[in-house]
Amino acid sequence: MTQKTVLWDIIIPSVESTLQEFLVLQKRHPVIAVTGPAWVGKSTITKELANYLWATIFTEIPENNPFLKIIRETAWKVNDVMLWTHNQNYFLATDVAEITKAFIQAKNTPIVFDFALTQPFIFADMQLSWNALQAFNHMYALQFHSLPNPDIVIEVGADNETIMKRLQARGKHIDEFVQKMVEKLNAYYASGIVEENYSGDDTKVIYFDNGVQFQDPNQIKQKVIQTLGQLI
């Protein structure tokens, strides 16, 4: 096994530097985000990549969101605008905080996220009223453009039937609402929303179909290494 080395030095910003300027100035290791609908194997791919790259994982922890706990206790069926608005604002704020910490830490180690900032955006578009969505989208755009983007975004997908089978295998409660949620999420990702969010940036978006059989992690690793080589 080769010895892990630190490739980059931190650059000390001026006193008046903004957080965005500070993060952009840093020479750093690669930053990779893994995203896609729920239950497509994002966590498995994240762990495999992190082990392969000797990377640090930054994760979104839904269990820490007090508003999501309420939504789950009501089986996701409460259509309360303020509750969903608080839920999405919480995810946006915590995701931005994790991404910021990760880019600072990337001066010492590669980073792999098991989420991308597009996820709170998608759920907001699905659940918020028009007025609440306009306010959220404004804040999202400000936050999205105030941060450096990952070098690579890996979008993982699977068909509706495969996702439902995986839910059943995990003993999850499945009803008409859950089925519609799965279909709606898949439709959002199938529309190209991830690539659209990262278009015009230096980020490379890679899609993997993690359908009936889980994608061989070695194929994903090889593709990531190849892409990193092209970016460097």
Can you name the closest pair of heavy atoms from [X] and [Y] and give their distance?
X	Y	value
Val112	Ala55	CG2-CB, 3.8 Å
Leu49	Val34	CD1-CG2, 4.4 Å
Asp209	Ala158	OD1-CA, 4.2 Å
Asp151	His29	OD2-O, 4.3 Å

Any residue meeting side chain to side chain donor-acceptor pair (under 3.5 Å) with [X], in chain and number order, not counting sequence neighbours:
X	value
Glu161	Lys165
Asn89	none
Lys47	none

Set of side-chain contact (heavy atoms from CB on, under 4.5 Å) partners for [X], sequence neighbours left out:
X	answer
Asn160	Val182, Glu183, Asn186
Tyr189	Thr35, Pro37, Gln119, Ile122, Glu155, Leu185, Val194
Gln134	Trp130
Glu195	Val205

Answer yes or no: is there a donor N or O on one side and an acceptor on the other, between the side chain of [X] and the main chain of [Y], under 3.5 Å?
X	Y	result
Lys42	Gly36	yes
Tyr188	Phe123	no
Asn210	Gly157	no

| query | Excluding sequence neighbours, so at least two apart, what forms ring-ring contact (aromatic ring centres under 6.0 Å, His included) with Phe136? | reply |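 ring-ring contact (aromatic ring centres under 6.0 Å, His included) check on Phe136 returns nothing, list empty.
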| By ring-ring contact (aromatic ring centres under 6.0 Å, His included), which residues pair with Tyr140, not counting sequence neighbours? |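 For Tyr140, the residues satisfying ring-ring contact (aromatic ring centres under 6.0 Å, His included) (neighbours in sequence not counted) are Phe121, Phe144.
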| task | Given side chain to side chain contact (heavy atoms under 4.5 Å, CB included), test Phe67 with Leu83 step by step and report yes or no. | result | CA-CA 7 Å; Phe67 306 106; Leu83 178 61; 4.2 Å; yes
| Residue pairs passing the salt bridge (Lys or Arg N to Asp or Glu O under 4.0 Å) test where at least one lies in residues 89-105, sequence neighbours excluded |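 Qualifying pairs, neighbours excluded: Glu98-Lys101.
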| Looking just at side-chain N and O atoms, do Asn149 and Tyr198 make a donor-acceptor pair shorter than 3.5 Å? |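 Asn149 vs Tyr198: no donor-acceptor pair found between side chains.
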| Do Asn65 and Asn87 have side-chain atoms, one donor and one acceptor, less than 3.5 Å apart? |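 Indeed, the side chains of Asn65 and Asn87 share at least one donor-acceptor pair under 3.5 Å.
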| Which residues satisfy the salt bridge (Lys or Arg N to Asp or Glu O under 4.0 Å) test with Lys184, sequence neighbours excluded? |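 None.
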| task | Can you sort out the partners of Glu60 under salt bridge (Lys or Arg N to Asp or Glu O under 4.0 Å), two or more places apart, ordered by chain and number? | result |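 None.
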| message | Checking Asp114 against Thr59 for the side-chain hydrogen bond (donor to acceptor under 3.5 Å, both in side chains) test, could you report, in this order, the C-alpha distance in whole Å, the side-chain angles of both residues, the deciding distance, and whether it holds? | response | CA-CA 5 Å; Asp114 71 352; Thr59 185; 2.5 Å; yes
